[in-house]
Amino acid sequence: DVASTLEKLLPWLEVAFTLFELDPEASERICRVPRYAVRTAKRHTAGSLPALSNMLMVKFERTKHSCYLYVASELVKTFGEPAEDMFTQPLLSRMLISSCSMLGSLQAVSANPDLTDDTFLLAGRGLSYAPRLIMTQELLAVLIETARNAILVQHRDACSSVASFLVRLLDPSTHRHCNVNQVKTLEAVLQPYAGILTQLTIAGGVGALPSSRIHEMADVLYALLKSSQNANESLQRVQAALALVPDSALPSNDKGRFLRLCGVIVSDEILEDDEQQLVQGLIDLSECCRRHSKVQAVVMDSLLEPQFRVFN
């Protein structure tokens, strides 16, 4: 069967990975074998988990080929139960920390869009199937900092993966599968990044990214607004970001309208379909900021430090 065949093939896969480790395309084709086997035979491939997880960690650290991250995602999806933590925990930790070390700036992210995409797909898969393994001080610090670096990447799939990761990370349904201390760790790690993430997300919605990404930026902003334990702090971050833009580029009444909408969202008031209203609010703000290339340039210069101005 598929599971026993995978076990028999592991030594040969090791040899093949070593022979072709300098060839990303060949490595990707070889990765299809364990990926197909795990996806097909699922938990019946448990006998291969120790050797396969170690192989993926070692090969990825040597080559940084993103295809290894994709296979790791299948393992996390299949073996996300606590009984397998002794294998999946080091797999997630080592591979994510190693990949994030290659993504230390927006420039680095832009140069490695596939690596960025698969890094945050793996992190998101971890949140979906084993959130307790992601909610550690070390991993959260690395992932949130890298998400800050990557949220404005122009590559669509990479940008979507980063946005989806942040939304899932801040989702209360994710937190219900973690203990209280882990949620407190997330709050503590997120705190120093919340302001810049809010600012970059607004920037992405109003001009740093194509208008087709407004919905995704609104989703991240909504998650940031809802995640804070202090509603006033969330609102102050939005206000601080908007205040950076001169009134000549973004009139004060437009700023005020968007800020009031955010205020209702973070309050206890019931707002029907509030997520969609935030999307529409960001669309309106975007139309104002994108109305002329000179206006858009002023807005971007106001909201973005030089390291966040990489436009491919």
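In this chain, residues are counted from 1 in sequence order. Values in this document were obtained by computation on a predicted structure and should not be read as measured data. Side chains are part of it too, since the values below use all heavy atoms of this structure and drop only hydrogens, waters and symmetry mates.
Residues Y193 and F308 share a hydrophobic cluster, clusters being chains of Ile/Leu/Val/Met/Phe/Trp/Tyr side chains in contact below 4.5 Å. Clustering ILVMFWY residues whenever any of their side-chain heavy atoms sit less than 4.5 angstrom apart, transitively, puts L96 in a cluster other than the one holding V58. No single ILVMFWY cluster, assembled from side-chain heavy atoms under 4.5 Å apart, contains both V183 and M135. Linking Ile, Leu, Val, Met, Phe, Trp and Tyr residues whenever their side-chain heavy atoms come within less than 4.5 Å places M55 and L9 in a single cluster. L140 and L121 are not part of a single hydrophobic cluster, where members link through side-chain heavy atoms under 4.5 Å apart.
Scanning all heavy atoms of the two residues, the minimum distance from R291 to S248 falls at NH2-O, 3.4 Å. Across every non-hydrogen atom of V295 and C288, the tightest pair is CG1-O, 4.0 Å. The two residues V38 and E74 have their closest heavy-atom pair at CG1-O, 3.9 Å. What you find for C67 and C31 is that their closest heavy atoms are SG-SG, 3.6 Å. When all heavy atoms of G80 and A130 are compared, the pair lying nearest together is O-CB, 3.8 Å. Residue G126 comes nearest to V76 through the heavy atom pair CA-CG1, 3.9 Å, listed as atom of the first residue, atom of the second, then distance.
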Legend entry - Criterion salt bridge (Lys or Arg N to Asp or Glu O under 4.0 Å) on R257 and D284, from CA distance to verdict: CA-CA 10 Å; R257 189 180 304 112; D284 294 342; over 6 Å; no
Inset, instruction - Start with the C-alpha gap between I144 and L169, add the side-chain angles, then the distance that decides, and say whether side chain to side chain contact (heavy atoms under 4.5 Å, CB included) holds. - result: CA-CA 10 Å; I144 291 174; L169 178 68; 4.0 Å; yes
Legend entry - Verdict with supporting geometry, T88 and S53, side chain to side chain contact (heavy atoms under 4.5 Å, CB included): CA-CA 7 Å; T88 51; S53 60; over 6 Å; no
Inset, instruction - List the steps and the verdict of side chain to side chain contact (heavy atoms under 4.5 Å, CB included) for R309 and L152. - result: CA-CA 9 Å; R309 295 182 198 165; L152 295 184; over 6 Å; no
Legend entry - Derivation and outcome, side chain to side chain contact (heavy atoms under 4.5 Å, CB included), residues L56 and L91: CA-CA 8 Å; L56 292 173; L91 179 75; 4.2 Å; yes
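Using a distance-only test at 3.5 Å, with no hydrogens or angles considered, no donor-acceptor pair links the side chain of S93 to the main chain of P90. No donor-acceptor pair closer than 3.5 Å links the side chain of T201 to the backbone N or O of L221. For the pair R290 (side chain) and L285 (backbone), a donor-acceptor distance under 3.5 Å is absent. Listed for the N112 side chain is no donor-acceptor partner under 3.5 Å among the backbone atoms of L115. With hydrogens and angles disregarded, a donor-acceptor distance shorter than 3.5 Å links the side chain of S105 to the backbone of A108. Under the 3.5 Å distance criterion, the side-chain polar atoms of T174 are left unmatched by any main-chain donor or acceptor of L170. A donor-acceptor distance shorter than 3.5 angstrom exists from the side chain of H292 to the backbone of K294, with no hydrogens or angles considered. Using modelled atom types, no side-chain atom of K59 and backbone atom of S27 make a donor-acceptor pair closer than 3.5 Å. T136 places a side-chain N or O within 3.5 Å of a backbone atom of L139 that can act as its donor or acceptor partner. Counting only distance, with no hydrogens or angles, the side chain of Q307 and the backbone of L106 share no donor-acceptor pair below 3.5 Å.
The existence of a salt bridge linking R132 and D85 is confirmed by a sub-4.0 Å separation between a basic side-chain nitrogen and an acidic carboxylate oxygen. Ion pairing between a basic and an acidic side chain is recognised when a charged N comes within 4.0 Å of a carboxylate O; R168 and D171 show no such pairing.
Taking 4.5 Å as the limit, every side-chain heavy atom of D274 sits out of range of all side-chain heavy atoms of V264. Using a 4.5 Å cut-off on side-chain heavy atoms (C-beta onward), D157 and T116 make no contact.
Under 3.5 Å, the side chains of S4 and D1 contain a donor-acceptor pair of N or O atoms. Side-chain N/O atoms of S98 and K64 include a donor and acceptor closer than 3.5 Å. Residues E145 and N149 bring no donor and acceptor atom of their side chains to less than 3.5 Å of each other. No side-chain N or O of S128 forms a donor-acceptor pair with one of K77 less than 3.5 Å apart. Under the 3.5 Å distance criterion, with hydrogens and angles disregarded, a donor-acceptor pair is assigned to the side chains of S161 and D117. Counted by atom type alone, E216 and S160 present one or more donor-acceptor pairs between their side chains at under 3.5 Å.
With S302 as reference, V298 is the one residue of L304, V299, V298 to meet the side-chain contact (heavy atoms from CB on, under 4.5 Å) rule. The ring-ring contact (aromatic ring centres under 6.0 Å, His included) with F17 is formed by just one residue from the set Y68, W12, F60; it is Y68.
Counting only residues at least two apart or on different chains, the salt bridge (charged side-chain N to carboxylate O under 4.0 Å, His left out) pairs with a member in residues 24-33 are E28-R32, E28-R35.
Residue-environment remark: CE (M102) stays at or below the threshold of 12 foreign heavy atoms within 6.0 Å. Residue H175 qualifies as enclosed at atom NE2: its count of foreign heavy atoms under 6.0 Å is above 12. The environment of E138 atom CD is sparse: at most 12 non-hydrogen atoms of other residues, nucleotides or ligands sit within 6.0 angstrom.
The side chain to side chain donor-acceptor pair (under 3.5 Å) search around R43 returns E84, not counting sequence neighbours.
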